[in-house]
Amino acid sequence: MTHHAAQSVPTNPLRSTPALPALDGLPDWPLVLTLPATFLDPLATLRCGQAFCWSAVTVGGKRVWRGMSGPHPFLLVEGEKEHTVHSPTATPAAAARYFNHGLDVEALLASFPDDPWMARALAYCGGMRIVRQEAWETLATFICSAVKQVPQIEAIHMDLRRTFGAEVAPGFHAFPTPAALAAAGEEALRRCRLGFRAKGLHGTAVAVAAGKVDLAALEHLPTDEARARLVTLPGVGPKIADCVLLFGYGRPEAFPIDVWVERILRRLYFRGKKLPSKERLQRFAETHFGPWRGHAQQYLFHWVRTARPPEAMDPPKKKAPKKKSKPKKSRLH
DNA sequence: ACCCAGGACTGAT
DNA sequence: ATCAGTCATGGG
């Protein structure tokens, strides 16, 4: 499986396609990056539950994605052979960094185990790439992700942008700074459907704004030490810390275990056996999936969550032995 | 009405 | 070290 899996971008009808509102014209922004279609599958990459600021529109029959990386607005125009990325402010280097351009895909695939589930996942979404997001935005967004579905995380994320973020271009709101969310107050955050997550988001915004955790400094720390710092923040546990390390700090060895990944491990890799503790699962992931296990995790996650292969799904829940199942047989003997 | 969702936290064994 | 309860909200 070490080849050809990611060379062709699969089109799978089972994947949900985002709504495509029509758009009259595009901003005339400079071209900053060209990506081969064999390298990047925009739908898989931007809808796989790693980034939440991207939306698709159609312009002249073309699918165009709009989103941001840090302070930079972006448009990604899909093409048959290549996609083009445009931005009014971003440098080519910034765009390339975000889209992980230059990633050695051959080496990535060669590092993966030759197991049937990885093959299935790569056949399904081999063109998915893990993008490099800004650390604070990633941290804040994944605090909001706890026990929420991907579309709801997107809604919350965009709500935070529109409500508290600066509009840097028409219709493009930057993600609010730690100071902005700290100043907003927990109650104002709670009004964006955050529920119990508002406390953690606000507490973390206050802590980061006060410099109690220096997010920029984590860039230079070993992954384990950076994780130890992240989990000191309110609302941040092991899973969210691993998401931040993987998506916001470019650590491919971070392996987030959420309910889907746990289900994948239980159903596909430990079938019939007792599922080890999270700690031991991390060690299994290290030995089985290798140094790029975070990427492997994301292929498996996106494949199973969107395609829902029956082998990976839990059997339909057994009806609770409700004693009241039937009117019973009519009494009288 | 019930179950689930890219969990974290608390207080019991 | 594990384990249930709890925390809000929206969708199926």
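- A:I264 places its CD1 atom 12 Å from the P atom of B:dG6, with the value rounded to the nearest Å.
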(request) Any chance you could lay out the side chain to side chain contact (heavy atoms under 4.5 Å, CB included) test for A:V150 and A:F52, step after step, and finish with the verdict? (result) CA-CA 8 Å; A:V150 169; A:F52 303 91; 4.1 Å; yes
Short heteroatom pairs, N/O only, protein and nucleotides 8-12 of chain C, under 3.5 Å:
| residue | atom | partner | partner atom | Å |
| --- | --- | --- | --- | --- |
| C:dA8 | OP1 | A:R190 | NH1 | 3.3 |
| C:dA8 | O4' | A:F196 | N | 3.3 |
| C:dT9 | O2 | A:K148 | NZ | 2.8 |

Between protein and nucleic acid, restricted to nucleotides 11-13 of chain B and to nitrogen or oxygen atoms under 3.5 Å apart, what atom pairs and distances do you find?
none

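- For A:L275 and C:dC3, the CG to P distance is 11 Å, given to the nearest whole Å.
- Aromatic stacking of A:F142 on B:dG6: not satisfied for centres closer than 5.5 Å together with planes under 30 degrees.
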(request) Please lay out, stage by stage, how A:T306 and A:R47 fare under the test side chain to side chain contact (heavy atoms under 4.5 Å, CB included). (result) CA-CA 10 Å; A:T306 58; A:R47 299 276 115 186; over 6 Å; no
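- A:E279 comes within 4.0 angstrom of no nucleic acid atom, judged by non-hydrogen atoms across all strands.
- Relative orientation of the A:F247 and A:F142 rings is parallel, given thresholds of 30° and 60° on the angle between their planes.
- Taking the ring centre of A:W117 as origin, the terminal cationic atom of A:R120 falls outside the region bounded by 6.0 Å and 45° from the ring axis.
- At the phosphate of B:dC4, neither OP1 nor OP2 sits under 4.0 Å from any side-chain N or O atom of A:R263.
- For the pair A:K148 and A:E154, the salt-bridge criterion is not met [side-chain N within less than 4.0 Å of a carboxylate O].
- Under the 4.5 Å side-chain heavy-atom criterion for grouping Ile, Leu, Val, Met, Phe, Trp and Tyr, A:L230 is not connected to A:V206 through any hydrophobic cluster.
- If you measure from atom NZ of A:K278 to atom P of B:dG6, you get 14 Å, rounded to the nearest angstrom.
- Rounded to whole Å, the distance from CG on A:L230 to C1' on B:dG7 is 15 Å.
- Backbone-only engagement by A:L233 is indicated by non-hydrogen atom pairs under 4.0 Å involving sugar-phosphate atoms exclusively.
- A:P234 comes within contact range of the sugar-phosphate backbone alone, with a heavy-atom separation under 4.0 Å but no base atom that close.
- Relative orientation of the A:H72 and A:F74 rings is perpendicular, given thresholds of 30° and 60° on the angle between their planes.
- Each of A:P151 and A:V231 has a nearest nucleotide on DNA chain B; the 5'-most of these lies closest to A:P151.
- Atoms NZ (A:K199) and C1' (C:dC7) sit 10 Å apart, rounded to a whole Å.
- Note on A:V236: only backbone sugar-phosphate atoms sit closer than 4.0 angstrom, heavy atoms only; bases stay farther off.
- Ring-centre distance between A:H173 and A:F164: not below the 6.0 Å cut-off.
- C:dG5 and B:dG6 are spaced 23 Å apart, taking the P atom of each and rounding to whole Å.
- Across the protein-nucleic acid pair, A:D258 atom CG and B:dA5 atom C1' stand 10 Å apart, rounded to whole Å.
- Remark: the separation of the P atoms in B:dG11 and C:dA8 is 16 Å, to the nearest Å.
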(request) Could you go through the side chain to side chain contact (heavy atoms under 4.5 Å, CB included) check for A:R191 and A:D159 one step at a time? (result) CA-CA 10 Å; A:R191 275 175 233 131; A:D159 216 342; over 6 Å; no
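- No engagement by A:E262 is indicated, since no non-hydrogen atom pair under 4.0 Å with the nucleic acid exists.
- With both ends at atom P, the span from C:dT2 to B:dA5 equals 23 Å, rounded to whole Å.
- Taking atom CZ on A:R227 and atom P on B:dA8, their separation rounds to 12 Å, with Å as the unit.
- A:F39 and A:H101 have perpendicular rings, their planes meeting at more than 60° on a 0 to 90° scale where under 30° would count as parallel.
- Across all strands shown, A:G49 has heavy atoms under 4.0 Å from base atoms, whether or not it also approaches the sugar-phosphate.
- Nucleic acid contact class of A:F52 (heavy atoms, under 4.0 Å, all strands): none.
- At whole-Å resolution of the value, CD1 in A:I153 and P in B:dC4 are 18 Å apart.
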(request) Walk me through it: do A:F99 and A:R129 pass the test side chain to side chain contact (heavy atoms under 4.5 Å, CB included)? (result) CA-CA 7 Å; A:F99 286 102; A:R129 295 289 165 261; over 6 Å; no
